[in-house]
Enquirer: 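Shown below is the structure under consideration.
Sequence positions, counted from 1, serve as the residue numbers for this chain.
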Amino acid sequence: MKHSPARDSTNDPITFNTNLKGYPDRPGWLRYIQRTPHSDGVLYGSPASEHVGKPTIIEITAYNKRTFETARHNLVINIMSTEEFPLPYQAEFFIKNMNVEEMLASEVLGDFLGAVKNVWQPERLNAINITSALDRGGRVPLPINDLKEGVYVMVGADVQFSSCLREVETPQNQLRCSQEMEPVISCDKKFRAQFHIDWCKISLVDITKVVPVHSNRPDPGTGVLPDIGEYNPPSESLKNRDYFADFLITLAVPSAVAMVLFIILAYSMCCRREGVQKRNMQTPDIQLVHHSSIQKSTKELRNMSKNREISWPLSTLPVFHPVSGEVVPPIHPDNYETTSMPLMQTQTNLQNQIQIPQQQSSGK
């Protein structure tokens with residue numbers, strides 16, 4: 001497929017796949033990272049001493065997601081020994097405001113080594129290993145601007161660690177680190193302008209004082225199986241096998257047991273029922289009379305409860321005038337919901353109450 005000349009092919013989304021030639025994946029010491037299809041892919045890693053002298057061929061396959069075109073290129077990596085330049089003093093820094101691909105840029109790495117050399121003052125200084133914090137078990141940062149995952153950078157030198165680097169080992173700074181506080185380092189201002197270093201995670205190692213640990217590994221063999229005679233593969237023709245016994249064991253026997261249990265349960269539920277008439281014949285008459293009277297009384301109470309009326313409170317009944325005998329209308333109308341009203345009214349609610357005149361004494 002041909003892409004139009006008006007479109008710039010350099011902006012196409014391209015992804016890369018890397019693997020060791022002849023194998024489906026990369027070597028264990030080599031890592032690859034590409035943030036987006038529009039960004040560059042970065043290969044980085046630190047080979048071990050057993051890889052020295054062995055050329056490593058990496059196959060790089062590029063995929064254009066717009067045109068579906070592919071391209072392949074072989075990258076040859078020659079690993080050389082550094083034993084003639086021993087760097088026994090190694091310090092590992094954790095830089096919080098950098099990603100691994102940003103740190104691998106030559107100008108950024110050069111600025112960092114220059115800052116370390118200014119603090120350490122060695123004759124020879126070199127970067128030994130660069131590792132992303134995600135490879136050390138770090139968490140993926142939130143998708144917020146200027147929030148980086150962090151990168152570990154190990155550098156080696158040929159002289160003792162400077163007093164500034166040793167300040168992190170003081171009891172005061174160790175206490176501050178245990179309390180998750182930033183330690184006080186005199187040379188931090190030389191890094192702070194470009195690199196934010198977590199001084200609590202710095203590691204200082206003197207490999208001349210490290211006791212080597214030798215593991216007792218068995219000597220690898222030649223990889224050739226010993227001669228154990230002639231190989232006799234199984235016959236291609238298989239014998240017929242009778243599965244009737246297996247059928248009886250797996251299906252017929254459990255089905256028969258289930259059927260027997262079903263018949264026993266059906267006989268117990270259906271054929272062993274006494275019935276109401278048989279039960280009444282075996283029950284004494286006095287118990288039947290009591291039972292019948294209780295049922296009738298219960299039924300009568302239920303019918304009465306359905307038809308009962310709520311009694312009106314005394315304040316709603318007609319009132320007779322004590323002198324004239326005239327009937328005074330009730331305080332509340334008939335359609336008033338008396339069930340939610342109190343039996344006694346306060347003086348503020350007695351506006352419509354009719355005043356009954358008191359009977360005059362016979363003397364007056």
Enquirer: Taking I294's backbone N and O only, do any of them form a donor-acceptor pair with S297's side chain (distance below 3.5 Å, no angle check)?
Expert: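 Checked: no pair found.
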Enquirer: Once you round to the nearest 0.5 Å, how far does CD1 of I128 lie from CE of M154?
Expert: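 Rounded to the nearest 0.5 Å, the CD1-CE separation comes to 6.5 Å.
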Enquirer: Nearest 0.5 Å please: distance from the CG atom of N11 over to the NE2 atom of H38.
Expert: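 These two atoms lie 7.5 Å from each other.
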Enquirer: When you group the ILVMFWY residues by side-chain heavy-atom contacts below 4.5 Å and let the links chain together, are I197 and L109 in the same group?
Expert: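 Yes, L109 and I197 fall within the same hydrophobic cluster.
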Enquirer: What is the distance from atom OG of S268 to atom CD1 of I263, rounded to the nearest 0.5 Å?
Expert: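 Those atoms lie 11.5 Å apart.
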Enquirer: Of all residues at least two apart in sequence or in a different chain, which pass the ring pair (Phe, Tyr, Trp, His ring centres under 6.0 Å) check with F16?
Expert: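 By the ring pair (Phe, Tyr, Trp, His ring centres under 6.0 Å) rule, F16 matches no residue at all.
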Enquirer: Which heavy atom of E169 sits nearest a heavy atom of Q174, and at what distance?
Expert: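 Of all heavy-atom pairs spanning E169 and Q174, the closest is CA-NE2, 3.7 Å.
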Enquirer: Of all the heavy-atom pairs spanning R35 and S39, show the shortest one and how long it is.
Expert: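 Smallest interatomic distance, heavy atoms only, reads N-OG, 3.5 Å.
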Enquirer: Is the NZ or CZ atom of R136 both under 6.0 Å from the centre of the six-membered ring of Y152 and within 45° of that ring's axis?
Expert: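 Yes, R136 lies over the aromatic ring of Y152.
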Enquirer: Can N173 and T170 be said to form a side-chain hydrogen bond (donor to acceptor under 3.5 Å, both in side chains), step by step?
Expert: CA-CA 5 Å; N173 286 331; T170 60; 3.2 Å; yes
Enquirer: Rounded to the nearest 0.5 Å, what separation is found between the CG atom of L75 and the CD1 atom of I57?
Expert: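 The CD1 atom of I57 is 10.0 Å from CG of L75, to the nearest 0.5 Å.
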Enquirer: Do L104 and V116 land in one hydrophobic cluster if side-chain heavy atoms of ILVMFWY residues count as linked below 4.5 Å?
Expert: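 Both belong to a single hydrophobic cluster.
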Enquirer: Is any side-chain heavy atom of S162 less than 4.5 Å from a side-chain heavy atom of Q121?
Expert: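 S162 vs Q121: side chains apart.
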Enquirer: Side chains of K96 and K201, heavy atoms from C-beta outward: is any pair under 4.5 Å?
Expert: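 No, every pair of side-chain atoms sits at 4.5 Å or beyond.
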Enquirer: Counting neighbours of CD on Q179 that are heavy atoms of other residues, nucleotides or ligands and sit closer than 6.0 Å, is the number greater than 12?
Expert: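 Count over threshold, so yes.
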Enquirer: Say you draw a straight line from OH of Y44 to OG1 of T131; how long is it, rounded to the nearest 0.5 Å?
Expert: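 Going from OH on Y44 over to OG1 on T131, the span is 7.0 Å.
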Enquirer: To check you understand the geometry: which heavy-atom pair defines the closest contact between V168 and I185, and what is its length?
Expert: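 Closest approach of V168 to I185: N-CD1, 3.9 Å.
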Enquirer: W120 and L125: which non-hydrogen atoms are nearest, and at how many Å?
Expert: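 What the structure gives for the nearest pair is CE3-CD1, 4.1 Å.
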Enquirer: Is any side-chain heavy atom of R31 closer than 4.5 Å to one of V100?
Expert: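 The answer is no; the side chains never approach within 4.5 Å.
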Enquirer: More than 12 foreign heavy atoms under 6.0 Å from CG of D40: is that the case here?
Expert: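 Open.
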Enquirer: Is there side-chain contact between Y32 and I60, with heavy atoms separated by less than 4.5 Å?
Expert: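 No, their side chains stay 4.5 Å or more apart.
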Enquirer: Whether the side chain of N99 engages the backbone of E101 through a donor-acceptor N/O pair (distance < 3.5 Å, no angle test) should be reported.
Expert: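 Answer holds: no.
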Enquirer: Just checking, is any N or O donor in the side chain of Q295 or H291 under 3.5 Å from an acceptor N or O on the other one?
Expert: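 Yes.
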Enquirer: Could you give me the CA-CA distance, side-chain angles and deciding distance for D111 and F195, then say whether side chain to side chain contact (heavy atoms under 4.5 Å, CB included) is met?
Expert: CA-CA 10 Å; D111 294 341; F195 306 100; 4.2 Å; yes
Enquirer: For Q194 and M98, work out which heavy atoms get closest and say how close.
Expert: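 For Q194 and M98, the tightest heavy-atom pair comes out as O-CE, 4.1 Å.
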Enquirer: Is it true that D12 and R66 make a salt bridge, defined as a side-chain N closer than 4.0 Å to a carboxylate O?
Expert: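 Here D12 pairs with R66 in a salt bridge, since their nearest N and O are under 4.0 Å apart.
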Enquirer: Kindly compute the distance separating NZ (K54) from CG (N78), expressed to the nearest 0.5 Å.
Expert: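 Spacing of NZ (K54) from CG (N78) equals 14.0 Å.
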Enquirer: Does N303 reach the main-chain N or O of K299 with its side chain, forming a donor-acceptor pair under 3.5 Å?
Expert: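 Here the side-chain-to-backbone pair exists.
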Enquirer: Is there any disulfide bond (SG atoms under 2.5 Å apart) pair reaching into residues 144-178, and which pairs are they, with sequence neighbours excluded?
Expert: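 Listed once each, the pairs are C164-C187, C177-C200.
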Enquirer: Is F94 close to E92 at the side-chain level, that is, under 4.5 Å between some pair of heavy atoms?
Expert: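 With C-beta onward as the side chain, the pair stays apart.
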Enquirer: Below 4.5 Å, heavy atoms only, C-beta onward: do E59 and K21 meet side chain to side chain?
Expert: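 They are in side-chain contact.
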Enquirer: Do V155 and L204 share a hydrophobic cluster, counting only Ile, Leu, Val, Met, Phe, Trp and Tyr and linking them when any side-chain heavy atoms are less than 4.5 Å apart?
Expert: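 Hydrophobic grouping puts V155 with L204.
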Enquirer: Other residues, nucleotides and ligands only: do more than 12 of their heavy atoms fall within 6.0 Å of CG on N74?
Expert: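 Yes, because the 6.0 Å sphere around CG of N74 holds more than 12 heavy atoms from other groups.
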Enquirer: Under 4.5 Å between any side-chain heavy atoms of F93 and W199, yes or no?
Expert: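 The answer is yes; the side chains approach within 4.5 Å.
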Enquirer: Other residues, nucleotides and ligands only: do more than 12 of their heavy atoms fall within 6.0 Å of NZ on K117?
Expert: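 Count not over threshold, so no.
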Enquirer: When you measure from the side chain of D158 to the backbone N and O of P122, does any donor-acceptor pair fall under 3.5 Å?
Expert: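 No; zero donor-acceptor contacts below 3.5 Å.
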Enquirer: If hydrophobic clusters are built by linking Ile, Leu, Val, Met, Phe, Trp and Tyr wherever their side-chain heavy atoms come under 4.5 Å apart, do I77 and I33 end up in the same one?
Expert: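 Hydrophobic grouping puts I77 apart from I33.
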Enquirer: Would you check if there is a donor-acceptor pair between the side chains of Q34 and T15 at a distance under 3.5 Å?
Expert: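 Not at all, the side chains of T15 and Q34 share no donor-acceptor pair under 3.5 Å.
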Enquirer: Would you call N19 and D25 a side-chain contact if the rule is heavy atoms closer than 4.5 Å?
Expert: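 Not touching, per the 4.5 Å side-chain cut-off.
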Enquirer: Are L43 and W29 linked, directly or through other ILVMFWY residues, by side chains that come within less than 4.5 angstrom of each other?
Expert: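 Hydrophobic grouping puts L43 with W29.
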Enquirer: What are the two closest heavy atoms between N97 and E102, and how far apart are they?
Expert: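 Smallest heavy-atom distance, with atoms named: O-OE1, 4.2 Å.
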